[in-house]
Visitor: 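Below: one structure in structure tokens.
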Amino acid sequence: MKKNVVFGFLGNVLDQRGKGKRRWKNWRPTIDLCHQSDMPVTRLELLYSPNDYELLCTIVKDIKVLSPHTEVNPIEVNIDNPWDFEQVYTFLFDISKNYAFNSEQEEYYLHITTGTHVMQICWFLLAESRYFPAKLLQMSPPKKEPLTENNEIEQDDLIALTPCGIMSIIDLNLNRYDKILTRFQQYAQQATELLKSGIATRSTQFNQLIAEIEQVASRSHAPILLCGPTGAGKSFLAKQIYLLKQTNHQIKGQFVEINCATLRGDSAISTLFGHVKGAFTGANLARTGLLKNADGGLLFLDEIGELGLDEQAMLLKAIEEKQFYPFGSDKPIHSNFQLIAGTNKDLKSAIANGEFREDLFARINLWNYQLPGLVDRKEDIEPNIDFELARYAKEYGIMPRFNQQSRQAYLKFATSPQALWQGNFRELNSSIIRMATLAPQANITIEQVEQEIKRLSQNWTSAPNSYDDLIPDEIDEFDRYQLEKVIEICQKSSSLSEAGRQLFAISRTKKQRSNDADRLKKYLAKFGLSWEIIHSKNG
């Protein structure tokens, strides 16, 4: 059974009704809170003003009489004005950030009967946004307070004499409190900045995307699918989503990450779902599996399109039923995790090719976000350069810096059409590391920049998807873009038939008989190309 923990303000009016033993016959909300037989309070986090210290001592003493099992933890409130929204909200928000919540063993409540209206509204906002994973409580006085004789009250009569009111959960109308709502929006903006790791991104489209992801991450436990090219930041964003959920007390478990492209055969099932001892040759010890490790946390499956069909079926069952069977076991394992999947594949094409389960795609496609590559976010290159420099300084203890000339030269090249950034942010990170490492006294000079520009240009010129020497000069731009994509797929495919199946994935389903290799061969021939020519150029 969970322990009950209550946060509340000491009421310097309602909690101070009556003097001496006469105080016991008056209703006092904080005392009444600890006098409820249906909900015993294990711990009371009692916030008080330094001016009310004498009252605090009295209330703590009286609680010990009525409820000896209740631990009272006084918290001094250091704010100048208890009616100032910003001061109160900031103080309570700081408490939420530093408090060691344990929702598995404790149930949390916010007592809003005492304190100013501003304090009550701030409690509501912090509970609604899950900074405090708590319910709201309000104490109401009894309809009639007990009558007593005008004589001395004996110690044994205190418990029977103390008025016992009504405890209830309430709602608040915040329509009139525009100022505090504005303050709340500022903290919501902080959550968005967390997802961007503090990088001052300038791309309007990307900022809108991140703002929506922040809302989804804060309000939903459904799977999220992150699509985009390799190096676009899918893994990085998944980790930031986890940190955001952890900050909001929505998640207690760990962050577990695996690249599905590294999983093959029996080891794939074992890695994800675990196995029992002796399940297969070499299984000398039992293995837990990553899905169980992610229980109560977040599981990030990068390159989910590379997962085998058997593993896909098991994963779907685990998502929907919160349980699965380890390899070789007939006993189900329970695991309640949130899934984020990443892919650089077109999963719809993979479904058409029989490589990906349509039912699994439907399950993970509720929230689908396409992350743009660096070449599509060139306005964000400069803030990301600063981020990479700061990350280098944190890791190596040296802060590398450009001078004005070298910075302008690197930025001019990095944002030019000649900068392809095929490796996206991962490639930008490597570029900064190279210059920072070679920089004398951590000063990145124009010489380092020129060498790096030459290195990047050579890498891109020799890259497999450089098509200039394959495409005819006299060709329309429309045909050029189409032909570039066809060549790219041909270079990545192991056979003409495989490339044809991907390129004609939709139209081939409408034909009784399809010869994808022949269709592709004829298309290439229109431009004087062949499978052999493309792959001879690809080396």
Side-chain angles (χ1 to χ4, degrees), residues 186-214 217 226 228-247 255 257 300 302 340 342 369-416 419-439 441-446 448-449 451-453 455-456 459:
Q186 292 174 354
Y187 285 107
Q189 180 64 28
Q190 289 183 2
T192 302
E193 293 303 317
L194 174 61
L195 291 184
K196 298 192 296 182
S197 194
I199 303 174
T201 52
R202 301 166 184 170
S203 169
T204 302
Q205 181 180 2
F206 180 75
N207 286 337
Q208 290 173 347
L209 181 145
I210 291 297
E212 181 173 322
I213 291 177
E214 185 274 324
L226 302 178
T230 300
K234 298 185 292 293
S235 177
F236 179 81
L237 181 56
K239 291 176 183 175
Q240 297 305 112
I241 291 174
Y242 169 76
L243 292 176
L244 175 62
K245 285 181 167 292
Q246 197 176 45
T247 300
F255 178 80
E257 177 181 5
F300 176 53
D302 199 9
I340 297 181
Y369 296 101
Q370 182 72 36
L371 301 188
L374 184 58
V375 74
D376 298 317
R377 291 175 53 196
K378 289 191 173 179
E379 63 267 57
D380 287 337
I381 288 179
E382 184 172 13
N384 273 279
I385 289 173
D386 294 332
F387 173 77
E388 295 298 346
L389 290 172
R391 182 154 69 170
Y392 183 93
K394 184 177 180 180
E395 183 171 354
Y396 295 99
I398 301 174
M399 183 64 195
R401 299 185 184 279
F402 290 91
N403 59 44
Q404 185 176 2
Q405 181 187 19
S406 61
R407 184 181 180 89
Q408 289 177 350
Y410 186 76
L411 271 174
K412 181 178 180 181
F413 170 77
T415 57
S416 71
L420 303 182
W421 296 119
Q422 293 159 349
N424 293 292
F425 293 92
R426 193 171 293 150
E427 191 169 37
L428 178 63
N429 169 258
S430 299
S431 177
I432 297 298
I433 287 177
R434 284 192 293 265
M435 288 188 292
T437 302
L438 296 173
Q441 289 79 47
N443 294 314
I444 302 175
T445 65
I446 188 65
Q448 270 83 51
V449 168
Q451 290 176 8
E452 181 60 23
I453 290 174
R455 184 183 291 109
L456 289 169
N459 289 343

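Owing to the predicted nature of the structure, the values given are computational and were not obtained by experimental measurement.
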Visitor: Give a yes-or-no answer on whether the side chains of Y369 and E212 include a donor-acceptor pair shorter than 3.5 Å.
Guide: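 E212 and Y369 do have a side-chain donor-acceptor pair below 3.5 Å.
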Visitor: Taking the side chain as C-beta and beyond, is there a heavy-atom pair between L411 and F402 under 4.5 Å?
Guide: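 A side-chain contact is absent here, since even the closest heavy-atom pair is not under 4.5 Å.
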Visitor: Rounded at 0.5 Å granularity, tell me how far CE in M435 sits from CD in E452.
Guide: 5.5 Å
Visitor: Do E382 and R407 touch side chain to side chain, with heavy atoms closer than 4.5 Å?
Guide: yes
Visitor: Checking Y396 against T437: is there a side-chain donor and acceptor pair closer than 3.5 Å?
Guide: no
Visitor: With a 3.5 Å cut-off and no angle check, do the side chains of Y392 and E388 form a donor-acceptor pair?
Guide: no
Visitor: Out of curiosity, Y242 OH to L237 CG, how far, rounded to the nearest 0.5 Å?
Guide: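 Rounded to the nearest 0.5 Å, the OH-CG separation comes to 15.5 Å.
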Visitor: Which atom pair, heavy atoms only, marks the closest approach of S416 to K378?
Guide: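 In terms of heavy atoms, the two residues are closest at O-NZ, 2.6 Å.
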Visitor: Quick check: are there more than 12 heavy atoms from other residues, nucleotides or ligands sitting under 6.0 Å from CD of Q405?
Guide: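 Incorrect, the count does not exceed 12.
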Visitor: Can you measure from CG (N443) to CE (M399) and round to the nearest 0.5 angstrom?
Guide: 11.5 Å
Visitor: So do the side chains of I433 and E395 get within less than 4.5 Å of each other, counting heavy atoms only?
Guide: no
Visitor: What pair of heavy atoms forms the shortest contact from A409 to I453, and how long is it?
Guide: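 For A409 versus I453, the nearest heavy atoms are O-CD1, 4.2 Å.
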Visitor: Thinking salt bridges, do R391 and D386 make one under a 4.0 Å N-O criterion?
Guide: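 Salt bridge absent between R391 and D386.
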Visitor: Strictly distance-based, threshold 3.5 Å: is any side-chain N or O of K234 a donor or acceptor partner for the main-chain N or O of L371?
Guide: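 Pair absent, no side-chain N/O of K234 close to backbone of L371.
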Visitor: Look only at the side chain of N384 and the backbone of D380, and say whether a donor-acceptor pair between them is shorter than 3.5 Å.
Guide: yes
Visitor: Supply the atom-to-atom distance L374 CG to R426 CZ, rounded to the nearest 0.5 angstrom.
Guide: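 Reported value, rounded in 0.5 Å steps: 12.5 Å.
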Visitor: Locate the shortest heavy-atom distance separating Y410 from S431; write the atom from each residue and the value.
Guide: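 Of all heavy-atom pairs spanning Y410 and S431, the closest is OH-OG, 2.7 Å.
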Visitor: What is the distance from atom CD1 of I210 to atom CD of Q205, rounded to the nearest 0.5 Å?
Guide: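 Between I210 CD1 and Q205 CD, I get 11.5 Å after rounding to 0.5 Å.
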Visitor: Could you tell me whether the side chain of N424 and the main chain of G233 form a donor-acceptor pair under 3.5 Å?
Guide: no
Visitor: Can you find a side-chain donor-acceptor pair between S430 and E427 that sits under 3.5 Å?
Guide: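 Looking only at side-chain atoms, E427 and S430 do not form any donor-acceptor pair under 3.5 Å.
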Visitor: Could you check whether any side-chain N or O of S406 sits under 3.5 Å from a backbone N or O of I444, counting only pairs where one atom can act as donor and the other as acceptor?
Guide: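 Yes, the answer is positive, given that a donor and an acceptor are paired below the 3.5 Å cut-off.
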Visitor: Using the six-membered ring wherever Trp is involved, compare the ring planes of F236 and F387 and label them parallel, tilted or perpendicular (cut-offs 30° and 60°).
Guide: perpendicular
Visitor: Which heavy atom in F413 sits nearest to a heavy atom in A419, and how many Å separate them?
Guide: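 Heavy-atom minimum between the residues: O-CB, 3.2 Å.
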Visitor: Using 0.5 Å steps for rounding, measure from the CG atom of L420 to the CG atom of L456.
Guide: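 Those atoms lie 9.5 Å apart.
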Visitor: What is the minimum heavy-atom distance between A414 and I381, and which atoms define it?
Guide: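 Residues A414 and I381, closest heavy atoms: O-CD1, 3.1 Å.
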